[in-house]
Number of protein chains: 2
Amino acid sequence: MMERRSLPGQFKGARPLGVDFDQLRHAITAADYGSFRQAAEVLSTKQSTLSRSIQLLECSLGTSIFDRSSGGVRATPAGRYFLRIARSIIEQLCDT
Amino acid sequence: MMERRSLPGQFKGARPLGVDFDQLRHAITAADYGSFRQAAEVLSTKQSTLSRSIQLLECSLGTSIFDRSSGGVRATPAGRYFLRIARSIIEQLCDT
DNA sequence: GTTACTTACGATAACCGTAAGAATC
DNA sequence: GATTCTTACGGTTATCGTAAGTAAC
């Protein structure tokens, strides 16, 4: 399975301001399903929205979280580290 | 020192969609300084922005976080509970 | 008067969905 | 062909700053 891109185009549009909880939820669900398309469906949003959301997140973090392939996505090592933290944060938020 | 409102007007504008990290930072800083004005200054934003931000946060949570007075603000009991979680979340995010 | 928080309004900027693009199989 | 993720465009929506409002002192 060959990778298509390492860093998705450095993001051409407006610069993001900060990480938000939706981005965390998007990344977590994408990791769980190994697919942006399925994650978008589960979260009742659009594939394009989720793709952009994660792209902005990666831009904010300065590292890529997923490796993309035509079969879906897989977390990078840095991504797996980040996802652990993200899950913990979302869990705390939900207990509020 | 008399309180002015218990719940700030239930928020008249658009309903918020979710909590975000800026709201957490705003609340934490406001609690640290006991003042929206000082917190806004420290965070390089406007008092009105911070006031609205926290108002939306309280609306999302369904409870008030601060008691307002003409001398500044003070966390409610529910606010203190929430702030503990918020600090923990921000701390984790910053270690990323 | 001063100082604190809030609210209304308007301009700017971000967001999201549609639809087309690109890459892999 | 099919599937995946990405990108451009446009309309809607949210955000933020200025300035005025309200309350307490």
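Side-chain atoms are counted along with the backbone in the values below, which use heavy atoms only and exclude waters and symmetry mates. Not measured: the values here are computed from a predicted model. Proteins come first, then strands; the chains are lettered A, B, ... in the order of their sequence lines, and each starts at number 1.
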S.K.: Starting from C1' on C/dA23, measure out to CG on A/D67 and report it in whole angstrom.
M.R.: 15 Å
S.K.: Starting at CG of B/L57 and ending at C1' of D/dT15, how long is that distance when rounded to a whole Å?
M.R.: 16 Å
S.K.: Establish, with yes or no, whether the OP1 or OP2 oxygen of C/dA23 is under 4.0 angstrom from a side-chain nitrogen or oxygen of A/S70.
M.R.: no
S.K.: Take the protein atom CZ of B/R74 and the nucleotide atom P of C/dC5, then report the distance between them rounded to whole Å.
M.R.: 15 Å
S.K.: Pull out every residue in residues 31-49 of chain A that has a heavy atom closer than 4.0 Å to any atom of DNA chain C, ordered by number, or say none.
M.R.: A/T45, A/K46, A/S48, A/T49
S.K.: Among C/dC15, D/dT7, C/dT7, which nucleotide has an atom closest to any side-chain atom of A/L56?
M.R.: C/dC15
S.K.: Starting from Watson-Crick (N1-N3 plus N6-O4 or O6-N4) and G-U wobble pairs under 3.5 Å, report the runs of at least three that DNA chain C belongs to.
M.R.: C:1-25 with D:1-25
S.K.: Determine yes or no for a side-chain-to-main-chain donor-acceptor pair under 3.5 angstrom, with B/T45 supplying the side chain and B/A40 the backbone.
M.R.: no
S.K.: Does any non-hydrogen side-chain atom of A/L50 lie less than 4.5 Å from one of A/L43?
M.R.: yes
S.K.: Determine whether a donor-acceptor pair (N or O, by modelled atom type, separation under 3.5 Å) exists between the side chain of B/S60 and the backbone of B/L56.
M.R.: yes
S.K.: Figure out the CZ/P separation between A/R52 and D/dC9, and round it to whole Å.
M.R.: 13 Å
S.K.: For B/D22 and D/dT15, what is the distance between atoms CG and P respectively, to the nearest whole Å?
M.R.: 10 Å
S.K.: So among B/T63, B/V19, B/D20, which one has a side chain to side chain contact (heavy atoms under 4.5 Å, CB included) with B/L57?
M.R.: B/V19
S.K.: Under a 4.0 Å threshold between the charged nitrogen and the carboxylate oxygen, would A/E58 count as salt-bridged to A/R68?
M.R.: yes
S.K.: Please list all pairs passing the salt bridge (charged side-chain N to carboxylate O under 4.0 Å, His left out) test where one or both residues lie in residues 24-45 of chain B, with sequence neighbours left out.
M.R.: B/D22-B/R25, B/D32-B/R87, B/R37-B/E41
S.K.: Mind checking what makes ring-ring contact (aromatic ring centres under 6.0 Å, His included) contact with A/F21, not counting sequence neighbours?
M.R.: B/F21
S.K.: Can you tell me how far C1' of C/dC25 sits from CZ of A/R68, to the nearest Å?
M.R.: 19 Å
S.K.: Can you sort out the partners of B/R84 under side chain to side chain contact (heavy atoms under 4.5 Å, CB included), two or more places apart, ordered by chain and number?
M.R.: B/Y81
S.K.: If you look only at pairs with a residue in residues 25-44 of chain B, which of them pass as a ring pair (Phe, Tyr, Trp, His ring centres under 6.0 Å), with sequence neighbours excluded?
M.R.: B/F36-B/F66
S.K.: If I take atom CD in residue A/Q55 and atom C1' in nucleotide C/dA14, what distance separates them, rounded to the nearest angstrom?
M.R.: 15 Å
S.K.: Send over the distance from B/F66 CZ to C/dC5 C1', rounded to a whole Å.
M.R.: 13 Å
